[in-house]
Student: 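Take this structure first; my questions come after.
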Amino acid sequence: MLRAPRGARDIRPDEQKYWRHVEGKAADLARRHGFRRLDTPVFEDSSLFARSVGAGTDILDKETYSFLDRGGDSLTLRPEGTAPVCRAYMEGGMGSLPQPVRLYYFCPVFRYDRPQAGRYRQHHQFGVEVLGDGSPLVDAEVVRMAWALMADLGLKDVSLLVNSIGDSQCRPGYVRELRAYYSERAGRLCADCKQRLDNNPLRLLDCKKESCRPMQEDAPASSEHLCADCREHWDYLRRYLDVMEIPYAVNHRLVRGLDYYTHTVFEILPPEEGAQTTLLGGGRYDGLMEQLGGRPTPGVGFATGMERLILNVQRQGVAVAEEEAPRYFIAALGDEGVELALEIADGVRATGAGVTMGSRGRSLRGQMRNAGSLGIPQVIIIGRDEAAAGSVTLRDMTTGRQSTVPKGEFLGGLQPPSG
RNA sequence: GUGAGCGUAGCCAAGAGGUCUAAGGCGCCUGGCUGUGGCCCAGGAGAUCGUGGGUUCGAAUCCCAUCGCUCACCCCA
């Protein structure tokens, strides 16, 4: 039996309503904030991610799908959405558009992980990015969007964590202090954290090992070692969030897994405990564009996992709009009946209504059953009598009432397409 | 990448070495109603018991491997 590759899955008709719910709310949210959609390729030149995500991160070192194409170019299946957006911004000359440029995207992303519920090798992200404005006002706008998305989706009891990790001015000093703090306690660190002390000291702060936890409480906090600019940025952000009455918690252990973040980082968590729970993550990345070889351009954004949003929408029993069944089902009998059915179906579809054709050769009873189980409200019956007379029998499946009318009258009585 | 649990038709599942050419329910198809759905009744299709190997006279059932899913770790959306 052939199956989808490990960690990849089909999105079947029955679950499409959840996808439409999330996509619809997200796209509308973006529209209401003045964001425009950008689609980028599923694969990129491998060097794009090497320069953005950063060597030393798990995402780049052990989770990318990279391959040589037939021309010998090294390509990588997109493991995240921000770097491609920045690349497209530069390549598309968006730096000469009115600034800032507000963009959003829906895209599949690929990471070679060990799959679990809510964690896939191919998953889908919705993300937004604001490029070309370094002010804390846009940080606040992006955080607001993230928070509003949860409400729009109907998700309850999610929590918002916010932190500032400084910039190239103050971070080196902070990291030195953090390293010093942990070096004194190196003996008590777990094996992973001993590694982190060398390659990624910020990650020491979110180690989940019991033995490492006590040390995190007293570790120096980045938000208390900010330079003047960062301090001001951080203060403004919190002030704006307060004005908008967005309930956030400052968490000094919040750091993000990608190297390019500066200033603001934030995350939204669902109520349930568990491993792969992060619903949404984002932050500011003022150095990224330069790292990619472009002009210095500030940026801020977030990305959220569609599968995880949907998982939570389902767990919380949020009511989502049902997919609408076609309005009509045509049950035809005999060659003449089928031919008239084709004509009627054309006419009905031209008005914008949906029509499902019954199966040729199936008994009327079988076709009626079919219509009933598909939940179609109106059945157009075309048998020998109707075909001979050029008429149709219309049966309302909810009331059980039916009547026979000439086909011209039936088609003429349909509502014309709107819009 | 590490550790653990699970794996019987599209779905839910009975089954614990011979009575399994694998029960039952949902769903699907057909008929009872030669042109009328939903309820009821009858019949039918659909499973190499995840896959491969082994133990045994005999394996869905025991063992090993492998694949997949789930949980924890790791990582992150």
Side-chain angles (χ1 to χ4, degrees), chain A residues 1-10 12-14 22 53 57-64 78-82 106-127 146 149 190-193 195-196 200 203 206-210 255-258 267-270 273-282 302-312 329 331-334 337 358-359 361-387 393-402 404:
Chain A
M1 178 72 132
L2 243 31
R3 301 195 218 188
R6 183 172 202 197
R9 49 193 284 269
D10 302 312
R12 302 193 180 121
D14 282 349
V22 175
V53 175
T57 61
D58 279 6
I59 290 184
L60 188 81
D61 293 348
K62 27 190 200 196
E63 296 179 2
T64 52
R78 161 179 58 213
E80 62 101 31
T82 300
F106 289 99
C107 68
V109 320
F110 303 85
R111 289 180 202 168
Y112 188 83
D113 278 13
R114 185 136 163 199
Q116 256 169 263
R119 184 214 263 181
Y120 302 97
R121 288 183 173 182
Q122 179 185 179
H123 76 276
H124 302 262
Q125 294 190 354
F126 163 67
L149 179 62
C190 69
D192 286 338
C193 280
Q195 282 288 318
R196 291 181 177 120
N200 204 346
R203 304 245 90 201
D206 70 343
C207 180
K208 292 192 191 95
K209 290 245 164 46
E210 276 310 318
V255 294
R256 313 232 66 250
L258 302 162
E267 208 167 280
I268 291 182
L269 304 172
E273 296 293 313
Q276 56 291 331
T277 54
T278 304
L279 263 181
L280 177 153
F302 71 70
T304 178
M306 298 288 289
E307 283 84 353
R308 288 187 186 176
L309 290 175
I310 289 169
L311 190 66
N312 282 275
F329 183 97
L333 296 168
S359 298
R362 197 177 275 187
S363 69
L364 181 58
R365 169 184 219 227
Q367 296 188 61
M368 292 304 288
R369 269 188 181 159
N370 199 191
S373 55
L374 291 173
I376 297 175
Q378 303 281 331
V379 176
I380 299 165
I381 300 166
I382 303 174
R384 271 186 200 298
D385 298 347
E386 288 87 351
T393 294
L394 185 67
R395 179 182 179 81
D396 185 306
M397 298 292 272
T398 49
T399 64
R401 272 200 282 273
Q402 66 182 53
T404 304

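Order of the sequence lines sets the chain letters (A, B, ...), proteins ahead of strands, with each chain counted from 1.
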Student: Which whole number of Å gives the distance between the P atom of G24(B) and that of A45(B)?
Tutor: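 So the two P atoms sit 13 Å from each other.
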Student: Between atom CZ in Phe110(A) and atom P in A77(B), what is the gap in whole Å?
Tutor: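 Nearest whole value for this atom pair: 16 Å.
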Student: Atom CZ of Arg121(A) and atom C1' of U70(B): how far apart are they, to the nearest Å?
Tutor: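 Atom CZ in Arg121(A) sits about 15 Å away from atom C1' in U70(B).
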Student: Taking a pair as Watson-Crick or G-U wobble with both distances under 3.5 Å, which nucleotide is matched to G43(B)?
Tutor: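 Base partner found: C29(B).
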Student: Roughly how far apart, to the nearest Å, are A47(B) and U8(B) at atom P?
Tutor: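 One P to the other, the span is 15 Å.
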Student: State the pairing partner of C71(B); accept Watson-Crick or G-U wobble contacts with both distances under 3.5 Å, and report none otherwise.
Tutor: G3(B)
Student: Given that both distances must come in under 3.5 Å, which nucleotide forms a Watson-Crick or G-U wobble pair with U36(B)?
Tutor: none
Student: In whole angstrom, give the distance that lies between atom CG of Leu374(A) and atom P of G27(B).
Tutor: 14 Å
Student: Under 4.0 Å, counting only non-hydrogen atoms across every strand here, what does Gly7(A) touch: a base, just sugar-phosphate, or nothing?
Tutor: sugar-phosphate
Student: Starting at CG of Leu269(A) and ending at C1' of C76(B), how long is that distance when rounded to a whole Å?
Tutor: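 It is 12 Å, rounded to the nearest whole Å.
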Student: Is there a Watson-Crick or G-U wobble partner for A9(B) with both distances under 3.5 Å, and which nucleotide is it?
Tutor: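 Partner of A9(B): none found under 3.5 Å.
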Student: My understanding is that a pair needs two contacts under 3.5 Å, Watson-Crick or G-U wobble. By that rule, which nucleotide pairs with C49(B)?
Tutor: none
Student: Return the value, rounded to whole Å, for the distance between atom CG of Asp14(A) and atom P of C28(B).
Tutor: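 About 12 Å, once rounded to whole Å.
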Student: Given the rule in the side chain to side chain donor-acceptor pair (under 3.5 Å) test, do Glu386(A) and Thr393(A) qualify, once you have shown the distances and angles that lead to the verdict?
Tutor: CA-CA 7 Å; Glu386(A) 288 87 351; Thr393(A) 294; 2.5 Å; yes
Student: Might you list the N or O atoms of the protein lying below 3.5 Å from N or O atoms in nucleotides 33-43 of chain B, with each pair's distance?
Tutor:
| from | atom 1 | to | atom 2 | distance (Å) |
| --- | --- | --- | --- | --- |
| G35(B) | O6 | Arg384(A) | N | 3.2 |
| G35(B) | O6 | Asp385(A) | N | 2.7 |
| G35(B) | O6 | Asp385(A) | OD1 | 3.3 |
| G35(B) | O6 | Asp385(A) | OD2 | 3.1 |
| G35(B) | N1 | Glu386(A) | OE1 | 2.8 |
| G35(B) | N1 | Glu386(A) | OE2 | 3.4 |
| G35(B) | N2 | Glu386(A) | OE2 | 2.8 |
| U36(B) | O2 | Gln402(A) | OE1 | 3.3 |
| U36(B) | N3 | Gln402(A) | OE1 | 3.1 |
| U36(B) | N3 | Gln402(A) | NE2 | 3.0 |
| U36(B) | O4 | Gln402(A) | NE2 | 2.8 |
| G37(B) | N7 | Arg395(A) | NH2 | 3.1 |
| G37(B) | O6 | Arg395(A) | NH2 | 3.0 |
| G37(B) | N1 | Met397(A) | O | 2.5 |
| G37(B) | N2 | Met397(A) | O | 3.1 |

Student: Counting Watson-Crick and G-U wobble pairs only, both distances under 3.5 Å, name the nucleotide matched with U61(B), or none.
Tutor: none
Student: Taking atom P of G68(B) as reference, at what distance in whole Å does atom CG of Asp10(A) sit?
Tutor: 16 Å
Student: So, does the side chain of Arg203(A) form a donor-acceptor pair with the base of C75(B) at under 3.5 Å?
Tutor: no
Student: Restricting both atoms to N or O, compile the protein contacts to nucleotides 2-12 of chain B shorter than 3.5 Å, with distance only.
Tutor:
| from | atom 1 | to | atom 2 | distance (Å) |
| --- | --- | --- | --- | --- |
| U2(B) | O4 | Arg114(A) | NH1 | 2.9 |
| G3(B) | O6 | Arg114(A) | NH2 | 3.2 |

Student: Distance check, C1' atoms only: G10(B) and C29(B), in whole angstrom units.
Tutor: 14 Å
Student: C76(B) P sits how many Å from Arg119(A) CZ, rounded?
Tutor: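 Between P of C76(B) and CZ of Arg119(A): 10 Å.
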Student: On the nucleotide A72(B), are OP1 or OP2 found under 4.0 Å from the side-chain N or O atoms that Gln116(A) carries?
Tutor: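 For A72(B), OP1/OP2 do have a side-chain N/O of Gln116(A) under 4.0 Å.
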